Amino acid sequence: MQRERLRYLRLAAAVIACLAAGAAWAQAPARTKDQSAVGALPPARGDKLFPEPAARQYPVPSPPFTPGIFPCSECHKGMKPNTKRRVLTEEHTNIVLNHAQGERWCLDCHDTYDRDRLHLVNGQRIRFEESYRLCGQCHGDKYRDWKVGVHGKRTGMWNGEKQYLLCVNCHNPHDPRFKPLKPMPPPVRPGDIR
Amino acid sequence: MTRGKAVGPYGEERMPNDRDRDGHAFRMSRRKMLKGVAAVLGAMALPAKDAPASVWETFFQKNFREMSPEELKAVVARLEKEYGAKYGKQVRVGVNPPLEGVRFAYGLDLSRCIGCRRCVYACVGENNQSRNPQIQWIRVLQLNKERGVDLEDAEPYYNPARVPEPGHFYMPVQCQQCENPPCVKVCPVQATWKERDGITVVDYNWCIGCRYCMAACPYGARHFNWKKPGLPPAEMNPETHYLGNRPRPVGVVEKCTFCIQRVRNTPGRYTACVEICPVGARKFGNLLDPDSEIRYIIENKRVFILKEDLNTRPRFFYFYAT
């Protein structure tokens with residue numbers, strides 16, 4: 001009896017959580033739909049409301065872009081953003097989404113109007129140096145471990161300054177499964193040591 | 001042999017009977033006796049009468065722990081000169097003491113490791129291991145997911161085109177830096193001991209090559225130089241530590257020292273294996289620091305140690321992050 005009730009409660013909590021997350025997710029693109037003036041940046045909601053506290057900055061390497069592709073605005077500032085889901089034919093044809101692909105579109109992560117930045121579900125624009133915050137929205141457990149240096153990797157000094165590898169240094173954001181590697185040579189068998 | 005001040009190599013005060021931190025009596029008389037025996041037996045192998053002074057100095061060099069800071073300085077200067085000539089570059093032989101309030105520990109995430117062996121070769125390069133004959137301080141075992149950590153079933157020679165292979169997981173093994181190290185106990189000449197920061201070290205000038213420690217180590221973590229190490233001068237890492245990666249002679253035992261030449265600094269670099277690992281499976285830090293990643297792992301993840309039943313109490317923790 002007791003168990004049953006608990007189960008229902010838990011189920012209800014889960015449903016509510018999902019609805020809330022879904023609403024937030026859907027809200028971001030909807031908010032900007034009517035703004036079609038090219039180049040005019042609508043104020044991003046988060047910039048002032050959610051300033052990142054200084055203590056929360058993690059030193060990271062520069063984002064691992066293909067050389068020459070950044071700033072994206074080189075091309076995009078003169079282009080009308082196209083929010084339609086489609087197969088890209090003119091540019092970025094090498095990008096194949098294999099990351100919960102059914103439900104996902106480029107502009108869930110990339111900002112529609114400021115292509116040099118990403119955005120979070122709450123609409124806040126973030127720089128590519130902070131892409132971990134984007135990933136952290138859906139992968140909270142990994143993000144938590146990453147911050148303490150347990151998921152991913154920190155380099156530098158064990159008792160001093162450290163650098164964090166970005167999630168995208170190891171995971172291609174468009175196809176994030178870690179790719180298998182060629183192993184280095186096995187050890188020589190004892191009999192073969194000269 | 002006269003001993004002036006009771007001061008150890010790091011300049012710390014040395015009590016006559018306080019030399020062995022594991023609470024075993026330091027069997028001075030036996031050691032002296034052995035050395036005497038060795039000297040007699042080795043009489044034929046004594047350096048020739050006209051041998052250069054440095055050969056005599058090496059022959060009579062003291063155990064690291066018996067040297068005063070001044071004696072150590074002279075020995076280090078001599079070694080640096082020797083190595084410099086041999087490898088054609090400026091070599092530094094550090095003698096940095098353990099840091100205060102530091103007890104090193106290591107974490108290895110078995111849910112991440114893919115067995116790529118990048119760590120093995122980074123370690124060989126950093127720590128001046130012999131290329132030929134081959135010595136590698138890290139050995140990566142391929143295990144079956146179905147059988148779990150079953151060392152009877154371990155395969156170190158796997159070599160597919162790509163790793164990880166389906167159905168398998170990987171377990172790198174190296175010195176476990178035991179809190180209760182059996183290798184140290186069996187050494188008849190105290191050429192290996194545990195330092196205050198938890199690193200078990202070897203004095204290569206004191207090791208007599210009996211290999212008892214290799215037999216005692218349950219992890220196969222100690223390696224013997226059967227022949228003169230083959231270390232190409234161009235690949236020699238000149239940043240060394242007396243108790244770590246300085247060049248080794250033939251006939252001595254060596255092992256992982258948590259990159260003692262890197263970590264005993266403020267600030268000190270991460271070990272070479274941590275730095276190279278492409279999946280971030282390797283973690284390193286200070287057990288006494290509650291904010292270290294190693295403490296987070298021990299407090300929040302499923303952790304185990306290898307061959308727990310032997311009571312060696314490793315400071316090397318395997319864990320599953322997921």
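Here the structure is a predicted model, which is why all the values come from computation and not from measurement.
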Euclidean distance, A/Ile95 CD1 relative to A/His174 NE2, rounded to 0.5 Å = 4.5 Å
In terms of heavy-atom proximity below 4.5 Å to chain A, should B/Val263 be classed as side chain, backbone, both, or neither?
-> both
Cut-off 4.5 Å, heavy atoms of chain A, and the answer for B/Leu99 is side chain
Measure the acute angle between the ring planes of A/Phe178 and A/His171, then classify it against the limits of 30° and 60° as parallel, tilted or perpendicular.
-> perpendicular
Cationic tip of B/Arg282 within the cone over B/Tyr270's six-membered ring, i.e. under 6.0 Å and within 45° of the normal?
-> no
Applying a strict 4.5 Å limit to non-hydrogen atoms, the region of B/Ile276 in contact with chain A is backbone
Quick one: what part of B/Asn265 sits under 4.5 Å from any heavy atom of chain A, side chain, backbone, both or neither?
-> backbone
Nearest 0.5 Å please: distance from the CZ atom of B/Arg117 over to the CG atom of A/Leu181.
-> 12.5 Å
Under 4.5 Å to a heavy atom of chain A? For B/Phe104 that would be side chain
Most chain B-contacting option - heavy-atom pairs closer than 4.5 Å, from A/His151, A/Lys179, A/Glu161 | A/His151
Taking B/Cys175 as the fixed residue, which of B/Cys256, B/Cys217, B/Pro314 is the one that meets the side-chain contact (heavy atoms from CB on, under 4.5 Å) rule?
-> B/Cys256
Name of the residue among B/Arg262, B/Lys283, B/Arg118 meeting salt bridge (charged side-chain N to carboxylate O under 4.0 Å, His left out) with B/Glu275 = B/Arg262
Answer yes or no: is there a side-chain heavy-atom contact under 4.5 Å between B/Tyr170 and B/Val163?
-> yes
Can you tell which part of B/Ser292 gets under 4.5 Å to a heavy atom of chain A, answering side chain, backbone, both or neither?
-> neither
Is it the backbone or the side chain of A/Lys142 that comes under 4.5 Å from a heavy atom of chain B, or both, or neither?
-> side chain
Let me know if B/Tyr296 has heavy atoms under 4.5 Å from chain A in its side chain, its backbone, both or neither.
-> side chain
